[in-house]
Chemist: 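Okay, here's the structure, questions in a sec.
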Amino acid sequence: MTNFKQRVISCAKQIPRGRAASYGQVAAAAGNPRAARQVGGILRTLGPGSKVPWWRVINNQGYISIKGNWNADKNLQRELLAGEGIEVSDDFRVDMKKYRFIFN
DNA sequence: ACGGTGACACCAG
DNA sequence: TCTGGTGCCACCG
């Protein structure tokens, strides 16, 4: 477990319920604003059962960019976000202006 | 050690 | 607003 990965996990856990953060935001909070892509990869490797609220991490455009067979999880993510009060459109889009979480 | 890969971000049309 | 191209950098084989 590299330091960076651990940091990303730590930052992701800081995202409170009902808020969402972009990969770039998490990467920046982890210390590498340019390593946004790795954040996604890291969250993916964590897999289910992890204590990390991966569903609160989305891209800066405000939508979920999961590809491949993750359609089911994509739908699940929408359910989770909706359960926290975050509105998700039919196109899986989230209003980041309203729900964006600012790291301290 | 090296090169391919990717749950992204940013800039230009 | 959307699309396409470019840059970035940690992870894995």
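Here the structure is a predicted model, which is why all the values come from computation and not from measurement. Residue numbers begin at 1 in each chain, while the letters A, B, ... track the order of the sequences.
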Chemist: Can you name the side-chain contact (heavy atoms from CB on, under 4.5 Å) partners of A/Ser50, sequence neighbours left out?
Modeler: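 Partners of A/Ser50 under the side-chain contact (heavy atoms from CB on, under 4.5 Å) test: A/Leu46, A/Val52.
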Chemist: For A/Asn59, check side-chain contact (heavy atoms from CB on, under 4.5 Å) against everything at least two apart and list the hits.
Modeler: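 Counting only residues at least two positions away or on another chain, A/Asn59 forms a side-chain contact (heavy atoms from CB on, under 4.5 Å) with A/Tyr23, A/Gln61, A/Tyr63, A/Ser65.
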Chemist: For A/Pro33, which residues count as a side-chain contact (heavy atoms from CB on, under 4.5 Å) partner, sequence neighbours excluded?
Modeler: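 By the side-chain contact (heavy atoms from CB on, under 4.5 Å) rule, A/Pro33 matches A/Ala28.
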Chemist: Please examine the side chains of A/Arg100 and A/Gln25, heavy atoms only from C-beta on, and report whether any two atoms are closer than 4.5 Å.
Modeler: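 Yes, side chains in contact.
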Chemist: Establish, yes or no, whether a centroid distance under 6.0 Å links the rings of A/Phe103 and A/Phe101.
Modeler: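 Between A/Phe103 and A/Phe101, the centre distance is under 6.0 Å.
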Chemist: Polar atoms only, N or O, under 3.5 Å: list the protein pairs with nucleotides 8-10 of chain C and their distances.
Modeler:
{"from": "C/dC9", "atom 1": "O2", "to": "A/Gln38", "atom 2": "OE1", "distance (Å)": "3.3"}
{"from": "C/dC9", "atom 1": "O2", "to": "A/Gln38", "atom 2": "NE2", "distance (Å)": "2.7"}
{"from": "C/dA10", "atom 1": "OP1", "to": "A/Asn32", "atom 2": "ND2", "distance (Å)": "3.1"}
{"from": "C/dA10", "atom 1": "N3", "to": "A/Gln38", "atom 2": "OE1", "distance (Å)": "3.4"}

Chemist: In whole angstrom, what separates A/Tyr23's OH from B/dA7's C1'?
Modeler: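 Nearest whole value for this atom pair: 4 Å.
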Chemist: Pull out every protein N or O sitting under 3.5 Å from an N or O of nucleotides 1-3 of chain C, one pair per line with the distance.
Modeler:
{"from": "C/dC2", "atom 1": "OP1", "to": "A/Arg93", "atom 2": "NH2", "distance (Å)": "3.4"}
{"from": "C/dC2", "atom 1": "OP2", "to": "A/Arg93", "atom 2": "NH2", "distance (Å)": "3.0"}

Chemist: Using whole Å, what does the distance between atom C1' of nucleotide B/dC8 and atom CH2 of A/Trp54 come to?
Modeler: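 After rounding, the reported distance stands at 17 Å.
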Chemist: Rounding to a whole Å, what distance do you find between A/Asn60:CG and C/dG7:C1'?
Modeler: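 It is 16 Å, rounded to the nearest whole Å.
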Chemist: Round to a whole Å and report the spacing from CG of A/Leu76 to C1' of B/dA7.
Modeler: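 A/Leu76 atom CG is separated from B/dA7 atom C1' by 14 Å.
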Chemist: With heavy-atom distances below 4.5 Å as the criterion, would you say the side chains of A/Trp54 and A/Arg44 are in contact?
Modeler: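 Heavy-atom side-chain distance check fails, nothing below 4.5 Å.
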Chemist: Can you see whether A/Glu79 engages A/Trp55 through a side-chain donor-acceptor pair at a distance of less than 3.5 angstrom?
Modeler: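 Not at all, the side chains of A/Glu79 and A/Trp55 share no donor-acceptor pair under 3.5 Å.
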Chemist: By salt bridge (charged side-chain N to carboxylate O under 4.0 Å, His left out), which residues pair with A/Glu87, not counting sequence neighbours?
Modeler: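 Expected list: none.
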